[in-house]
Amino acid sequence: MTTIRLTMAQALTRYLASQKTVIDGRTVPIFAGVWAIFGHGNVAGIGEALYQHQDDLPTFRAHNEQAMGHAAIAFTKASFRRRMMAVTSSIGPGATNMVTACALAHVNRLPVLFLPGDVFANRRPDPVLQQVEDFGDGTVSANDVFRPVSRYFDRITRPEQILAALPRAMAVLTDPADCGPVTLSLCQDVQAEAYNYPEAFFDEKIWTQRRPRASDDELAAATAALRAAKKPLIVAGGGVLYSGATATLADFAEAHGIPVAETQAGKSSLPADHPLNMGSIGVTGTSAANELAEEADVILAVGTRLQDFTTGSWALFQNARKTIVGLNTQVFDATKHRALPLVADADAGLRELALRLEALKAPEDWTKRATEGRTRWFLAADAATAPTNAALPSDGQVIGAVQRAIGTGGTVVCAAGGLPGELHKLWQAGAPGSYHLEYGYSTMGYEIAGGLGVKMAKPDQEVVVMVGDGSYLMMNSEIATSVMLGLRLTIVVLDNAGYGCINRLQMATGGANFNNLFRDVRHEVMPSVDFAAHAASLGAIATKVASIAELEAGIAAGLKNDRTTVLVIDTDPLITTEEGGHWWDVAVPEVSPRSQVNAARKEYEKAIQAQRVLD
Ligand SMILES: Cc1ncc(C[n+]2csc(CCOP(=O)(O)OP(=O)(O)O)c2C)c(N)n1
Ligand SMILES: [Mg+2]
């Protein structure tokens, strides 16, 4: 056996650089690069190794480890999980800064390789700078917090362990069902330790998309359910996009006359103007989709986790005799809520179902109702996004301006606040993936770093980040990275002077206006943040606009800029789109001295009666 003597870190980077995939017939590295912030826990080991691989495994530096995780997540999501990135940090705070990003990737089933440094395996210098000491367990380090949020976790305490750990990591990162973040916690001393690695370990390896096929029994049961359906509805989740099943979904819906509703992760599975696309479903759903969902007797749930925003906390699907068919690569999802499982790749599963359904058509009046509901919804949506002279426009009106300025060609990026709900309802998505929402973990601070990752995946496309003032203040440092890397973003900051959506939620649950909007926060000086000046200080071209018309013109003009462009607009914290939507289960206090809370509790007790969990 030919071997080569390398440090563990050198072997790891060499291995990562030799992992490939095929995109549009071209063999490309599966890792587009590594985000890195160095410290004593990785600079000498991983840092030295990355330096030698700058051509085939480029290193990028940002300003915050969590943000680097966000960028890596957005990159792989925008690449439909076909390519990915790694993220490395030092030990201690650098490592634990990545935990939120790791959880985000876990919830959203997105492949990212986290490589935090870890304390010395040999324990000679213990406690090393930034080491968390456990009085009762010598094997514990701060990095153990990655365990519950990693799909696969391993601590590398000997250099030869990566011979087993890296192939396992790749298997998880590339599997459509198990896909999620992998954490390899790299002990600082072991990164620098040499070993005679077999040359064969570094052979080029090409990973292709696995497409599991459904079993005959499950197909037969799903076919029978759909054949008996009088009111079928398809719920399209993120799995449709990751499978590349959008054209197959359109064919399937058209062939059988079945309307399609989209989750946050599944939006853009069908173009907004497709006659069978009912738009968003659930808490932030359109009236068109939700009216159908209430009555649907067979729900074909494709590639969705059925989270509470989709199911209206299980109070949306009111048909007591409904059957859910769970078409999913992951059996955990496929069997949720007594669904008939159809464990398969979305594209393969839809094709096989279509073969068995032959010429089956949903009852004509159901399909007709769907298209009529869709027409009614669009009238409401057009009213919510129409131009206005209002001094403080709504989020919906800002969405209208952004949409008019960039059309359906670009990609919109968002994650938290009031915007995701409004975008889910109102954004008119074009191509698959042109709507990029992180609404699995809904992480404030994802937006700007996420936009950066999307732009890396789609350098030729316009990427528009929409972000609230709260999210912006939580994490904005990667504006500077976008300028540094020449990755031009358009960032629209909606400043409603605080946490608007949580303030509204507080009011809806009987709470007093407290601790959300700046005006209701304990203060000596009322905050007045100059977002444009702040963004400009990070290197962006930034403007505060005074109206919707100025915003629309500013975005269009900014597309010619050579740098990241930030537009700031003041918005109304109280207005949202009334039409559509659905109740969401947020527990209201059972006892309170506030009469408003007592009233809200009464309403809440009524509302939970509508929950149909497992019926
Ligand atoms: C990291 C994180 N912390 C807290 C929350 C809870 N949360 C959701 S939205 C929100 C307020 C967001 O404020 P802003 O970005 O200004 O948007 P707005 O609600 O005003 O539209 C908060 C605190 C969260 N989603 N993520
Ligand atoms: Mg706000």
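Indexing begins at 1, ligand by ligand and atom by atom, following the structure's order. Owing to the predicted nature of the structure, the values given are computational and were not obtained by experimental measurement. Starting from 1, each residue takes its place in the sequence as its number.
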Could you tell me, for ligand 1, which of its N or O atoms are under 3.5 Å from any protein N or O, listing the pairs and their distances rounded to 0.1 Å?
{"residue": "ligand 1", "atom": "15 (O)", "partner": "Gly470", "partner atom": "N", "Å": "3.4"}
{"residue": "ligand 1", "atom": "15 (O)", "partner": "Ser471", "partner atom": "N", "Å": "2.9"}
{"residue": "ligand 1", "atom": "16 (O)", "partner": "Asp469", "partner atom": "N", "Å": "3.4"}
{"residue": "ligand 1", "atom": "16 (O)", "partner": "Asp469", "partner atom": "OD1", "Å": "2.8"}
{"residue": "ligand 1", "atom": "16 (O)", "partner": "Gly470", "partner atom": "N", "Å": "2.7"}
{"residue": "ligand 1", "atom": "16 (O)", "partner": "Gly498", "partner atom": "O", "Å": "3.0"}
{"residue": "ligand 1", "atom": "19 (O)", "partner": "Gly500", "partner atom": "N", "Å": "3.2"}
{"residue": "ligand 1", "atom": "19 (O)", "partner": "Cys501", "partner atom": "N", "Å": "2.8"}
{"residue": "ligand 1", "atom": "20 (O)", "partner": "Asn496", "partner atom": "OD1", "Å": "3.0"}
{"residue": "ligand 1", "atom": "20 (O)", "partner": "Asn496", "partner atom": "ND2", "Å": "2.9"}
{"residue": "ligand 1", "atom": "20 (O)", "partner": "Gly498", "partner atom": "O", "Å": "2.9"}
{"residue": "ligand 1", "atom": "20 (O)", "partner": "Gly500", "partner atom": "N", "Å": "2.8"}
{"residue": "ligand 1", "atom": "21 (O)", "partner": "Gly418", "partner atom": "N", "Å": "2.9"}
{"residue": "ligand 1", "atom": "25 (N)", "partner": "Ser442", "partner atom": "O", "Å": "2.8"}
{"residue": "ligand 1", "atom": "26 (N)", "partner": "Met444", "partner atom": "N", "Å": "3.3"}

So, do Tyr472 and His534 have ring centers that fall under 6.0 Å from each other?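 Yes, they do, as the ring centres are separated by less than 6.0 Å.
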Show your working on side chain to side chain donor-acceptor pair (under 3.5 Å) between Arg155 and Ser141 and close with a plain yes or no. CA-CA 10 Å; Arg155 176 172 284 122; Ser141 90; 3.0 Å; yes
Hey, is there an N, O or S on Gly468 sitting under 2.8 Å from the Mg ion (ligand 2)?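 No, Gly468 does not qualify, because none of its backbone or side-chain N, O or S atoms lies under 2.8 Å.
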How wide is the angle at the Mg ion (ligand 2) between OD1 in Asp469 and OD1 in Asn496, to the nearest 10°?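 Seen from the Mg ion (ligand 2), OD1 and OD1 are separated by roughly 90°.
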Can you tell which of Pro148, Ser150, Pro181 makes a side-chain contact (heavy atoms from CB on, under 4.5 Å) with His106?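 Only one option passes, and that is Pro181.
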Name of the residue among Ser269, Ser268, Pro432 meeting side-chain contact (heavy atoms from CB on, under 4.5 Å) with Val240: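 Single pass found, and it is Ser269.
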Does atom OH (Tyr439) have a neighbourhood of more than 12 heavy atoms from anything else shown, all under 6.0 Å?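 Check passes, neighbour count above 12.
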pair Leu485-Phe60: side-chain heavy atoms closer than 4.5 Å: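 Leu485 reaches Phe60 side chain to side chain.
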Does Pro111 offer a backbone N or O that forms a donor-acceptor pair with the side chain of Arg81 under 3.5 Å?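 Absent.
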